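Working notes, beginning with the structure itself.
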Amino acid sequence: MSRKTNDRRVETLDGHRGFCRYVGPVTGQTGTWVGIEWDDSNRGKHDGKHDGTRYFECKRGGKEEETKRASFVRVQKVAPGTDFVSAAKEKYEFESQDAQLEKRLVFGGKAKKTDENEEEDVTIELKTKLSLQKKLNELERILLPNARLERVTGRAARTEDDEGEETRPSSSSLNEEEGEEVLAKTFNANATHVDVSGNLMTSFVELGKIGKYFRNLEILDASNAFYDEDVGDIESGDASALAKEVALAASQFRNLKTLALNKTRTSWAKALLIIDQMPNLEELRLDRNELQNIAAVDERASRKYFPKVKVLSLDGNTCIKWDDLWALRFLPSLETLYASDCSVEHIVYQDDDENNNNNTNTNDDDKRFFRNLRGLFLGYNRVRSWQSVDVIDHFPRLECVRLSHNPFCENDSASRHEIVARAGKLLSLNASEITERERRESEIRYLRNVVAEVSSSSSIRLEDKELDAKMGSDEVLAKHPRAKALKEMHGERALAGVQTTKTTQSQQQLEFRESGNGTSTNGGGASSSISLALTLTREGKGSKDRTFPKTVTVARVKTTCEKLFGMKLGTSTLAIRDEDDATSEKYTELEPDEDTLAYLGVESGAEIFVL
């Protein structure tokens, strides 16, 4: 009972899509019905068998419940498909004779009538200038997303069951040769950008006709479609003929620089087959294609398939893991890799030991993996360990990273400072630039936490040499690889007051307050206050001595200085002079505002400069 429908793609009037598997009568019903296997399996009611009669077979889905994704709709509810030429004419050309008149937009004033020179009062006249509408043969960008394109040229398939009905001639009713001639005469052959995303084509070969006529095409978006859905794996022996056809179609796009095949069920093998014919490709987007088990692309294959690819997007391929991304390490020109919303659990970078042993200059970045990668976007993954952040600096040129919404950083804003501190080469994190000030503050904050962690394991305060030894130990460096370097970079001043025995700074402050709010905690041997010389370095220089409680914060001292020297609130910066040279004009800024002076290592008798 099933009628031949070529398993074409259809869209109903309410916007739902699927494969047309049957057109014809249904027992017990009147009229012509269309059997559709829906893209959305939740819309299905059966698997092609209705009231005991088998009308067609569902071809998608493996589990029993997934095969029940079909239902019947009346033929009148199926939206008509179209072809490339017709869709472009409908969008870009005027169909009425009124388009010959120059139309304009007037707000108030006078407007001339088109048939005589009289003027009339006009409040608002809303029209469109014909001069703003380019003709098809002048267009450089042809954008036809979701236009229900079934074909580029030739006859469009018909859903109606009345094949004898005559229709008016159109580009859809022309034969293949006539359609090709119309296409060539209609459009600007030098168009550089075509968007046919959301089309109803079922063959990549059909898509290749676009490249045949637009030889200078640089950007093609053919996403959200089903190409060769029912053919099977492109690598199988049965598909060898298809592979040749697909390769031939892809060869029409020799000058293409950007190709988007998002959500097209394109396998990795098919993607390689396609881009092998596109030597100038610089950007490839394969989002949400259910990709998995990406085969390793060795150095020779990388030069063959990806000689110029700078941007590769694999977002939404939920089976992709880090091993799949590592398979792309030889891509010679890759600068940006998108792999958000995948299943990446860790980031690992393994140096090429063999290559390093054969080269005396082991720092030659051009000999390392991911040698040109500058952006790595891994948001919404499953990264659980901070060690994955530590390896970021191993990438030769990586400077921009997205790691938001991963388990290791449950609170993205709170974890930001530690990511910045651990990855010293980063210039941007989660689409936000890392300033010099943010990096300095983040590294100091992180360093203090590491020192406090190291010191807390000892029952006595560590001497400087003992602390240095611990910071450089294998145990600490394994957990905090940059700790020793940060200590050398930011100096002892950043660590003053950080060491503890078995209590934290907050616990010490609590004990201080409970001891009598300013009295000595050890029989009077320690002072509860701190005396400072506050020196203004601006115009009207001056110096005043003030005494503060030891727990005073930078913010409180700033406010005091601004009042003492008559400054506008919120305009001061506090700093101390470098100890190595008392006459030096080099200062170390006291920050952040919420830290106490004791925490920053400022002792009684110090001179604070107000900048």
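Here the structure is a predicted model, which is why all the values come from computation and not from measurement. These numbers come from the heavy atoms of this one structure, side chains and all, not from hydrogens, waters or symmetry mates.
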Arg43 to Trp38, cation-pi by 6.0 Å centre distance and 45° axis angle: yes
Glu11 (side chain) donor-acceptor with Arg148 (main chain) under 3.5 angstrom: no
Carboxylate-amine/guanidinium contact Glu57 Arg21, below 4.0 Å: no
Check against side chain to side chain contact (heavy atoms under 4.5 Å, CB included), Val297 and Phe306: CA-CA 10 Å; Val297 184; Phe306 302 92; 4.2 Å; yes
Over 12 non-hydrogen atoms of neighbours within 6.0 angstrom of CZ in Arg215: yes
CA sep, side-chain torsions, deciding dist, call: Phe72, Tyr55, ring pair (Phe, Tyr, Trp, His ring centres under 6.0 Å): CA-CA 10 Å; Phe72 289 103; Tyr55 292 89; 5.2 Å; yes
Any donor-acceptor N/O pair, Asp195 side chain to Pro145 backbone, under 3.5 Å: no
4.5 Å side-chain heavy-atom contact, Ile347 and Leu378: yes
Leu256 versus Leu259, closest heavy-atom pair with distance: CD2-CB, 3.9 Å
N/O donor-acceptor pair under 3.5 Å between Arg54 side chain and Phe56 backbone: yes
Check against salt bridge (Lys or Arg N to Asp or Glu O under 4.0 Å), Arg151 and Glu206: CA-CA 7 Å; Arg151 299 182 66 82; Glu206 183 68 24; 3.5 Å; yes
Ring pair (Phe, Tyr, Trp, His ring centres under 6.0 Å) assessment of Trp326 paired with Tyr349: CA-CA 8 Å; Trp326 185 248; Tyr349 190 98; 5.5 Å; yes
Parallel, tilted or perpendicular: ring planes of Phe330 versus Phe369, cut at 30 and 60 degrees: perpendicular
Any side-chain heavy-atom pair of Ile294 and Leu314 under 4.5 Å: yes
4.5 Å side-chain heavy-atom contact, His46 and Lys68: no
Sub-4.5 Å side-chain heavy-atom contact between Asp47 and Arg69: no
Within 6.0 Å of CZ in Arg141, more than 12 heavy atoms from elsewhere: no
Neighbour count above 12 (heavy atom, 6.0 Å) for Glu290 CD: no
NZ/NE/NH1/NH2 to OD/OE distance under 4.0 Å, Asp298 and Lys304: no
Heavy-atom side-chain contact between Arg17 and Leu200 under 4.5 Å: yes
Student check: side-chain heavy atoms of Val246 and Tyr227 closer than 4.5 Å: no
Polar contact flag, side-chain donor to acceptor under 3.5 angstrom, Lys263-Asn289: no
Any donor-acceptor N/O pair, Asn199 side chain to Val196 backbone, under 3.5 Å: yes
Main-chain N/O of Val344 paired with Asn381 side-chain donor or acceptor, under 3.5 Å: yes
Note: Glu283-Arg285 ion pair, threshold 4.0 Å (strictly below): yes
Validation row: Asn188, Glu140 side chains within 4.5 angstrom (heavy atoms): yes
Option from Ile142, Val194, Leu139 for which side chain to side chain contact (heavy atoms under 4.5 Å, CB included) with Phe187 holds: Ile142
From Asp287 atom CG to Tyr338 atom OH, the distance as rounded to the nearest 0.5 Å: 10.0 Å
Which atom of Pro307 lies closest to which atom of Ser333, heavy atoms considered: O-OG, 2.9 Å
Over 12 foreign heavy atoms within 6.0 Å of NZ, Lys45: no
Flag side-chain contact, heavy atom, 4.5 Å: Thr186 against Asn137: no
Considering all heavy atoms, the nearest Ala87-Ala147 contact: CB-CB, 4.2 Å
Nearest heavy atoms of Gly48 and Ala70, plus distance in Å: N-CB, 4.2 Å
Between Asn216 and Asn190: side-chain donor-acceptor atoms closer than 3.5 Å: yes
Separation between CG of Asp221 and OG1 of Thr258, rounded to the nearest 0.5 Å: 10.0 Å
Closest heavy-atom pair and its distance - Thr266, Ala271: CG2-N, 3.9 Å
Thr32 side chain vs Pro25 backbone, donor-acceptor pair below 3.5 Å: no
Cation-pi, Phe408 ring and Arg382 (6.0 angstrom, 45 degrees): no
Closest non-hydrogen atom pair, Arg402 against Ser340: CD-OG, 4.4 Å
Aromatic ring pairing Phe370/Phe395, orientation class (parallel under 30°, perpendicular over 60°, tilted between): tilted
Side-chain donor or acceptor of Ser86 paired with backbone N/O of Asp83 under 3.5 Å: no
Ion pair check, Arg9 and Asp39, cut-off under 4.0 Å: yes
